[in-house]
Structures are given as C-alpha cells and as structure tokens.
2 protein chains.
Amino acid sequence: MLSFTEENYLKALVQLTFFENSRQHEGQGKSEVGVNRLAAYLDVKPATVSDMARKLKVKELVDYEKYGKISLTELGKKEGMMVIRRHRLWETFLYQKLDFNWDEIHELAEELEHIHSIKLMNRLDQFLDFPSFDPHGDAIPDENGEITIPFRRTLSEVKEGKKCKMIAVNDNSIEFLKYVDKIGLKIEDEIEVLKKEDFDALTTIQFKQKQLVVSPKFTDNIFVLCATCLNAKECDC
Amino acid sequence: MLSFTEENYLKALVQLTFFENSRQHEGQGKSEVGVNRLAAYLDVKPATVSDMARKLKVKELVDYEKYGKISLTELGKKEGMMVIRRHRLWETFLYQKLDFNWDEIHELAEELEHIHSIKLMNRLDQFLDFPSFDPHGDAIPDENGEITIPFRRTLSEVKEGKKCKMIAVNDNSIEFLKYVDKIGLKIEDEIEVLKKEDFDALTTIQFKQKQLVVSPKFTDNIFVLCATCLNAKECDC
DNA sequence: TAATAAAGTTAGACTAATCTAACAATATTT
DNA sequence: AAATATTGTTAGATTAGTCTAACTTTATTA
Ligand SMILES: [Mn+2]
Ligand SMILES: [Mn+2]
Ligand SMILES: [Mn+2]
Ligand SMILES: [Mn+2]
C-alpha cells in the first residue's frame, strides 16, 4: 500500500512528466525530471527527494540512478494517474453535487484523493454520470489510469479576428479562478480575439457582449479550441 | 490541527466514556477510562497510550494525571464528537447516494472521517437532508458536536409476548450485519418476542411473517423500542 | 582544459507514533 | 499487613518523512 506521501510524489511526477509539457514534447516523450525540479514543485528540499527517489525505485515505481533523472515506470504512472483520477472525480462531485465554487474544490480534493477504494471511485464515477472533464476542464483518467489529453491551445496563440471556445484553465490558483469568475467567463463560452497589441502583449477580447483588455497572465492560462481546429491540429486559428 | 492519530484517540474516548455505557452510567457520568482499556480498544500497547495521554493533556484535550484515569475535556469531547459526526455523515452518504451495503460503509468512513472541513460536512449534511441517524441507527451529532442518544433497549430486555420495533444495531461488524441481512431484518421492522427460554437463553422472534430462534449474540446487539416506551423510560416492555 | 557554477548525495539530527523490556505504583486477596 | 496481581510508566529502539550542512558529481563557461 502506498503512503499519502508516496502518492503525492507519483502525482507530481505525472504532472511534471506527462501533463506540464504535453504540448511541447508531443510524441517523443522526454518524460523525466530532475531532483531539484521535483523538490521545488513539492516544496521540499532536494535531499528529501533524493531519499524518496531511492525508496520509490526499490518499489519499482520509478526509474532512477544516482545523479540521474527520475521517471515513472508503467506501474508508477498508473498509480499516479489513479491519484489524479480520484482528485478530479472528487472535484467534480464537490462542484456538481455540493455546489462548491471552482476555486474551493482543489484544496479539498487534495485530501480526498488519498482515500483508497476502487469501488468507491467507480461508484462515484457512476453517480456523476461518468464525467470526462473536471470543473477546470481537465480530462479525468479512466478506471485503468488511461487518459486522452485533448488537443488544446492557449488563448495567447489565437490570431486576431478569430473566434474560439474556452475549454479549460491552465492555472488552478484561487486568485486566477476568482478573476475568471469576476469577469463572468465560463467554460464553453465563446471568445473573440478583437485585437492583439505586440508592444505590450495585451489582447482585447469579446465574450457575451462584453469587451475586455487582458494580459498574457490571463491569455496563457485559458485553453481554447477554435471552430475549425476541433479535429485538425493543423488549423492555424 | 489534530493529526489522524490524535483524532482516533479522541473518537475512541468518546465511544468508551459516552456511548459504550450510555445506559448504565445514566446521569452521573463516570466518564473516564484506564490506559489498558483504551490500549485494548485501539489495538496498541499501554506504553503507547501513556505517551499519547501526556501529549493530549498538553493540548488540553484530556484530563489525566500519571497513574490516573483519562477523561475528555470539553474541547476534547467536541473534537471527538466531530470525528463521529463526519464518520456517520459519510456512512449515510455512501449508503443512500452510492448504494453501498451497510456492511461496507464503516471501513470507508474510517478514512473519510479525517477530512477536515466544516463547510464540506455542512454541505454534505444538507445534501443528505439533515439525517438524524446513520444507516446503523446511530444518532449523528450536530454541527456543534451535540448529540441526543435516544432511549433504547436491547432485544434481550424485551419480555415474552411483547412487540417492539428495531431502531439500531449495537454491533457494526461485517459478520453481524451480513447475518441481519441474511435473515431479512431491517431497521424500522416490527419484532414480536414469542418465547424466551431461560435454560439456554434462546429467544424465538417473529417479524415479517417469519419465525426464528436466535441467541443472545443476536438479541444483545439489536436495539429496539416498544410501542409504549417511546416516551416513557419506566415502561416495562 | 581548468575554473566555476549547478545539481545531486550523504551524514546526522528531529518529530510522531509505535514497539519491547524492565520497572513502579496501585489494588486485591489472603 | 504482607503477598500477589493488576495496572501503568519509563528508557531505549524503530520507521517514515523531513531538515541542515558538508560534500561530490556533472555541466557550463572562460
Ligand atoms: Mn485540483
Ligand atoms: Mn481540477
Ligand atoms: Mn461506523
Ligand atoms: Mn454507523
């Protein structure tokens, strides 16, 4: 049985090696990470990660050699994915059934994700009608830990004059989510890019009859799809 | 913030000092427990309990002097009650919403009870329509940790020829619950005591047109109310 | 290539929760 | 009251997860 802490390491490794750079490393999977990087991500000291990397290697959850990079084994990846599955299913439950706001659910899910019961998660999945995405628009791994991360662009990539649809957020911080709430934007809303100013990287967007000037801090963290790129990665929206 | 372990000690203390003997100590509250008793209940060694008692005393959760008995302070009692509230609300959720059987829910609730969020529990309470009892018939403490344990008798106490209604179980073990399922008895069912045999303490009962001979292992663990004792403790049902 | 910087490891210490084994206090029985 | 049994405590060890401080390896730069 995995401890709370071990699960958090595996989850972090999935985030850093599979999700974070899902766009960049497309296909060729340089899915490994250094001790310092992981330590910074988990907010512990590198010494702690060195120790844990050795322990996880013994349990065959990671591949790792002294002074080398850390990467997940198939088993480690699956366990990490299951933590993420539980996290995202609980977030969905809290949001859909208990009416929590989307900026409150992550913290609670950080605790709930460590409840180990396959049956519980499958029942919850069913109770929620087998959701594909969590309230932040992130895909939910299936009962085998498989996930299909859909093609998605950031709003920053969308060209002037084009329209697109918000499908997810990239930043789950309370501040960011509260800002998105404040301006009245929701997943599935249509956004039009009216103007992109190269000088200071500000973008003027329109959604629901409202116009707004936003910075890259915003546009980098909104994932969108345009009408034509839904099934064609080559679309230059 | 209390640790997982500290919460389990407080919960155990509530069970042993307030619930276990709620019938016997009625009123005068000899609500304290020895180190060995608590150790046996928690399945740890007395040495471990001695240490923990000292720590809980420092945190003002228990009253305790070396070689003396352990009892909960007001604060400790409230914290313990809140753990029990969370446990019973989660059990109710699993049973009512996720269709778990009543013999499967306790184990899961043992993990879920340690999720700390007042808001979460109040939302869940509301989602469940403010239940008064969990699926085993145990009262659920309110948001202030207050609980009213209703008057109840065991089936063993009911006299020959009398009728009563099952309101709870006293034994939450999987084996006991499965047995109650097997014979087809449910909370709220009416039970008639047809015959009590002093010689071997066996009782013949009737419920839902069925007759059955049961032992004290059964009758001691079924809580009932008879028609007339609902509001009168003096009733000699 | 040699010097310097960055990244990673190791040794030793700490805390929480547990154990065993030896000891001490309290309660019960003769 | 003395002997015995029960109950509870203490000292010392262990494990997981963390830290700091010193050290080593690998990478980068001059
Ligand atoms: Mn989250
Ligand atoms: Mn999410
Ligand atoms: Mn229970
Ligand atoms: Mn219960």
Side-chain angles (χ1 to χ4, degrees), chain A residues 1-13 16-17 20-21 30-72 76 79-80 83 110-111 113-116, chain B residues 1-13 16-17 20-21 30-72 76 79-80 83 110-111 113-116:
Chain A
M1 185 94 311
L2 297 176
S3 72
F4 199 100
T5 307
E6 289 170 326
E7 287 189 340
N8 282 336
Y9 276 82
L10 296 178
K11 183 175 61 144
L13 283 166
L16 291 174
T17 60
E20 189 112 307
N21 304 316
K30 215 192 126 297
S31 29
E32 52 177 36
V33 74
V35 166
N36 282 337
R37 180 90 197 290
L38 183 52
Y41 187 86
L42 287 169
D43 198 21
V44 296
K45 301 295 165 186
T48 311
V49 172
S50 275
D51 274 357
M52 185 55 86
R54 223 181 320 105
K55 286 184 213 158
L56 293 175
K57 197 205 161 148
V58 171
K59 293 196 171 188
E60 303 195 303
L61 294 159
V62 302
D63 290 321
Y64 164 71
E65 297 301 332
K66 203 199 262 197
Y67 291 105
K69 301 287 183 181
I70 305 165
S71 63
L72 289 164
E79 292 293 342
V83 181
E110 287 290 306
E111 296 193 53
E113 73 190 9
H114 299 289
I115 308 288
H116 307 94
Chain B
M1 187 93 311
L2 298 177
S3 72
F4 200 98
T5 308
E6 289 169 325
E7 287 189 341
N8 283 336
Y9 275 81
L10 297 178
K11 184 175 59 143
L13 284 166
L16 291 173
T17 61
E20 190 113 306
N21 303 317
K30 216 193 126 295
S31 29
E32 50 177 37
V33 74
V35 166
N36 281 338
R37 180 89 197 290
L38 183 53
Y41 186 86
L42 287 170
D43 197 22
V44 297
K45 301 296 165 188
T48 312
V49 171
S50 276
D51 273 358
M52 184 56 86
R54 226 181 317 105
K55 285 184 215 158
L56 294 175
K57 197 207 160 144
V58 171
K59 292 196 172 189
E60 303 195 301
L61 294 160
V62 301
D63 289 322
Y64 165 71
E65 296 302 333
K66 202 199 263 196
Y67 291 105
K69 301 285 183 183
I70 305 166
S71 63
L72 289 164
E79 292 293 342
V83 181
E110 286 290 305
E111 295 194 54
E113 73 191 9
H114 300 290
I115 308 288
H116 306 95

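Here is how names work: the chains are called A, B, and so on, in the same order as the sequence lines, proteins then strands, and each is numbered from 1. Below, all heavy atoms of this structure are taken into account, side chains as well, without hydrogens, waters or symmetry copies.
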Tightest non-hydrogen contact, residues A/Pro46 and A/Val35, listed as O-CG1, 3.5 Å

Rounded to the nearest 0.5 angstrom, the CG-CD distance for B/Leu61 and B/Glu79 is 7.0 Å

Taken to the nearest 0.5 Å, the spacing of A/Leu16 CG from A/Tyr41 OH works out to 5.5 Å

Minimal heavy-atom distance between A/Ile70 and A/Ala53, with the atoms involved, is CD1-CB, 3.9 Å

Numerically ordered, the residues 1-10 of chain B set in heavy-atom contact under 4.0 Å with DNA chain C is B/Ser3, B/Thr5, B/Tyr9

To the nearest angstrom, the NZ-P distance between B/Lys45 and C/dA22 comes to 15 Å

Atom NZ of B/Lys57 and atom P of D/dT9 are separated, to the nearest Å, by 12 Å

Report, one line per pair, each donor and acceptor closer than 3.5 Å where one atom sits in a side chain of residues 3-13 of chain B; sequence neighbours left out.
{"unit_1": "B/Ser3", "atom_1": "OG", "unit_2": "B/Thr5", "atom_2": "N", "d": "3.4"}
{"unit_1": "B/Ser3", "atom_1": "OG", "unit_2": "B/Glu6", "atom_2": "N", "d": "3.1"}
{"unit_1": "B/Ser3", "atom_1": "OG", "unit_2": "B/Glu6", "atom_2": "OE1", "d": "3.4"}
{"unit_1": "B/Glu6", "atom_1": "OE1", "unit_2": "B/Ser3", "atom_2": "N", "d": "2.8"}
{"unit_1": "B/Glu6", "atom_1": "OE1", "unit_2": "B/Lys59", "atom_2": "NZ", "d": "3.3"}
{"unit_1": "B/Glu6", "atom_1": "OE2", "unit_2": "B/Lys59", "atom_2": "NZ", "d": "2.9"}
{"unit_1": "B/Glu7", "atom_1": "OE1", "unit_2": "B/His114", "atom_2": "ND1", "d": "2.7"}
{"unit_1": "B/Glu7", "atom_1": "OE2", "unit_2": "B/Arg86", "atom_2": "NH2", "d": "3.0"}
{"unit_1": "B/Glu7", "atom_1": "OE2", "unit_2": "B/His116", "atom_2": "NE2", "d": "2.6"}
{"unit_1": "B/Asn8", "atom_1": "OD1", "unit_2": "B/His114", "atom_2": "NE2", "d": "3.1"}
{"unit_1": "B/Lys11", "atom_1": "NZ", "unit_2": "B/Glu110", "atom_2": "OE1", "d": "3.1"}
{"unit_1": "B/Lys11", "atom_1": "NZ", "unit_2": "B/Glu110", "atom_2": "OE2", "d": "3.0"}
{"unit_1": "B/Lys11", "atom_1": "NZ", "unit_2": "B/Glu113", "atom_2": "OE1", "d": "3.3"}
{"unit_1": "B/Lys11", "atom_1": "NZ", "unit_2": "B/Glu113", "atom_2": "OE2", "d": "2.9"}

Between A/Ser71 and A/Glu32, the two heavy atoms sitting closest are CB-CB, 3.9 Å

Q: Apply side chain to side chain contact (heavy atoms under 4.5 Å, CB included) to the pair B/Glu65 and B/Lys57, showing each step before the final yes or no.
A: CA-CA 9 Å; B/Glu65 296 302 333; B/Lys57 197 207 160 144; 2.7 Å; yes

A/Met52 CE to D/dC19 P, in whole Å, measures 11 Å

Here the distance between atom P of C/dA7 and atom CG of A/Leu38, to the nearest Å, is 14 Å

A/His114 atom NE2 is separated from D/dG17 atom C1', nearest whole Å, by 14 Å

Per atom distances to the B/Lys55 side chain, the nearest of D/dA16, C/dC19, C/dA17 is C/dA17

Look for any protein N or O under 3.5 Å of an N or O in nucleotides 8-12 of chain C and output each such pair with its distance, or none.
{"unit_1": "C/dG8", "atom_1": "OP1", "unit_2": "A/Val35", "atom_2": "N", "d": "3.4"}
{"unit_1": "C/dG8", "atom_1": "OP2", "unit_2": "A/Val35", "atom_2": "N", "d": "3.3"}
{"unit_1": "C/dG8", "atom_1": "OP2", "unit_2": "A/Asn36", "atom_2": "N", "d": "2.8"}
{"unit_1": "C/dG8", "atom_1": "OP2", "unit_2": "A/Asn36", "atom_2": "ND2", "d": "3.3"}
{"unit_1": "C/dT9", "atom_1": "OP1", "unit_2": "A/Tyr64", "atom_2": "OH", "d": "2.1"}
{"unit_1": "C/dT9", "atom_1": "OP1", "unit_2": "A/Tyr67", "atom_2": "N", "d": "2.9"}
{"unit_1": "C/dT9", "atom_1": "OP2", "unit_2": "A/Ser50", "atom_2": "OG", "d": "2.1"}
{"unit_1": "C/dT9", "atom_1": "OP2", "unit_2": "A/Tyr64", "atom_2": "OH", "d": "3.2"}
{"unit_1": "C/dT9", "atom_1": "O5'", "unit_2": "A/Ser50", "atom_2": "OG", "d": "3.4"}
{"unit_1": "C/dT10", "atom_1": "OP1", "unit_2": "A/Lys66", "atom_2": "NZ", "d": "2.9"}

B/Leu42 atom CG is separated from C/dC19 atom P, nearest whole Å, by 10 Å

Heavy-atom nearest pair, B/Tyr67 first then B/Tyr64, reads N-OH, 4.4 Å

